[in-house]
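Mind having a look at this structure? Questions to follow.
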Amino acid sequence: MYQMKKNLRWSALKAGILVTLSLAVVFLVVLYTGTLSQMVTPTVHLQAQFQDVKGLRKGAPVWFHGMEVGSVKRIRLDPVYGTIVTLSIQKSTESFIRSNAQAEIVTMGLLGDKYVELNPGSSEAGPLSEGKMIEGQTPMELTDVVKASNKA
């Protein structure tokens, strides 16, 4: 009888450890990737060239036709192109982006958070080829306008 209780306790302990470890792994995966939906949605990586990213950060959203379709994965400096921003977007969006597409850094709300708005390009242009750089536009901000007016 004692041996049977001991085996039952040991089995319950092993099951508890297994459940705890499983929940910890799921928690870490969700925490690391941001959201569970991003893990299961197929994505593609695009690169956009900017002269100045104006405070854009890694993880900022990417919008296309008013819908959030991805995020900024990486921002790096390049001696030829200036600043290169790697965008991770949903694969279903890729077919709408043409070779003359443009990316623009836009301010969200009054707090000044930045995001990338993708403009698809003209329908006459061909599809965006693998490895082609998207031209980026940095909008003029209030500080730029003040500096220009001071010079005038």
Side-chain angles (χ1 to χ4, degrees), residues 1-121 123 125-139 141-143:
M1 176 104 172
Y2 174 73
Q3 187 65 26
M4 196 158 124
K5 284 184 179 180
K6 187 177 175 182
N7 287 341
L8 186 60
R9 283 184 188 160
W10 180 242
S11 296
L13 180 63
K14 287 194 293 188
I17 290 172
L18 182 65
V19 168
T20 303
L21 287 176
S22 300
L23 289 174
V25 167
V26 168
F27 175 75
L28 289 175
V29 166
V30 169
L31 183 68
Y32 179 72
T33 61
T35 62
L36 200 54
S37 64
Q38 287 179 346
M39 276 182 23
V40 296
T41 305
T43 59
V44 294
H45 295 284
L46 303 175
Q47 293 187 336
Q49 162 198 354
F50 293 96
Q51 291 302 316
D52 187 356
V53 292
K54 298 280 186 187
L56 183 71
R57 295 176 188 234
K58 181 180 172 185
V62 176
W63 288 70
F64 183 73
H65 286 301
M67 298 179 352
E68 187 174 340
V69 296
S71 63
V72 173
K73 286 298 172 195
R74 184 175 178 208
I75 301 173
R76 65 182 172 92
L77 294 174
D78 186 88
V80 176
Y81 294 109
T83 306
I84 296 177
V85 177
T86 303
L87 310 171
S88 176
I89 63 165
Q90 297 170 2
K91 186 153 181 66
S92 60
T93 308
E94 180 184 30
S95 61
F96 297 102
I97 300 174
R98 313 312 279 169
S99 61
N100 62 348
Q102 294 181 334
E104 183 178 4
I105 298 174
V106 183
T107 303
M108 183 186 313
L110 296 173
L111 297 177
D113 290 340
K114 307 288 184 182
Y115 69 95
V116 176
E117 177 75 37
L118 287 177
N119 300 317
S123 58
L128 186 67
S129 59
E130 184 72 29
K132 182 154 182 344
M133 192 82 60
I134 296 175
E135 181 184 339
Q137 297 177 342
T138 306
E141 293 187 344
L142 183 61
T143 56

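When reading the values below, keep in mind they use all heavy atoms of this one structure, side chains included, and skip hydrogens, waters and symmetry mates.
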Heavy atoms only: give me the nearest Pro61-Tyr115 pair and the separation to one decimal.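 Looking at all heavy atoms of both residues, the closest pair is O-CB, 3.3 Å.
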State the CZ-CD distance between Phe50 and Glu104, to the nearest 0.5 angstrom.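 The CD atom of Glu104 is 8.5 Å from CZ of Phe50, to the nearest 0.5 Å.
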For the OG1 atom of Thr93 and the CG atom of Leu87, what is their distance to the nearest 0.5 Å? 11.5 Å
Quick check for you: to the nearest 0.5 Å, what is the distance between Leu46 atom CG and Met133 atom CE?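 If I round to the nearest 0.5 Å, the distance is 11.0 Å.
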Report the residues that fulfil salt bridge (Lys or Arg N to Asp or Glu O under 4.0 Å) with Lys91, sequence neighbours left out, ordered by chain and then residue number.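 Lys91 satisfies salt bridge (Lys or Arg N to Asp or Glu O under 4.0 Å) with Glu94 once adjacent residues are dropped.
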Smallest heavy-atom separation, His45 atom then Lys73 atom, equals CE1-CG, 4.0 Å
Looking only at heavy atoms, the pair that brings Glu117 and Val106 closest together is CB-CG2, 3.8 Å
Could you give the distance from CE (Met67) to CG (Leu118), rounded to the nearest 0.5 Å? 11.5 Å
Which pairs of donor and acceptor atoms, one on a side chain in residues 95-102, lie under 3.5 Å apart (sequence neighbours left out)?
residue : atom : partner : partner atom : Å
Arg98   : NE   : Ala125  : O            : 3.1
Arg98   : NH2  : Ala125  : O            : 3.0
Ser99   : OG   : Gly126  : O            : 3.4
Asn100  : OD1  : Ser122  : N            : 3.0
Asn100  : ND2  : Ser122  : OG           : 2.8
Gln102  : OE1  : Gln137  : NE2          : 2.8

List in chain and number order the residues that pass side chain to side chain contact (heavy atoms under 4.5 Å, CB included) with Ile17, two or more places apart in sequence or in another chain; answer none if no residue qualifies.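 Listed in chain order: Leu13, Leu21.
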Quick one: pull up CG in Asn119 and CD1 in Ile134 and give me the separation to the nearest 0.5 Å.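 Rounded to the nearest 0.5 Å, the CG-CD1 separation comes out at 10.0 Å.
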Identify the heavy atoms of Ile105 and Asp52 that sit nearest to each other, and give their distance. CD1-O, 4.0 Å
Which residues satisfy the side chain to side chain contact (heavy atoms under 4.5 Å, CB included) test with Arg76, sequence neighbours excluded?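 For Arg76, the residues satisfying side chain to side chain contact (heavy atoms under 4.5 Å, CB included) (neighbours in sequence not counted) are Gln47, Arg74, Asp78, Ile84.
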Gap separating the CZ atom of Phe64 from the CD1 atom of Ile89, nearest 0.5 angstrom: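 The distance works out to 7.5 Å.
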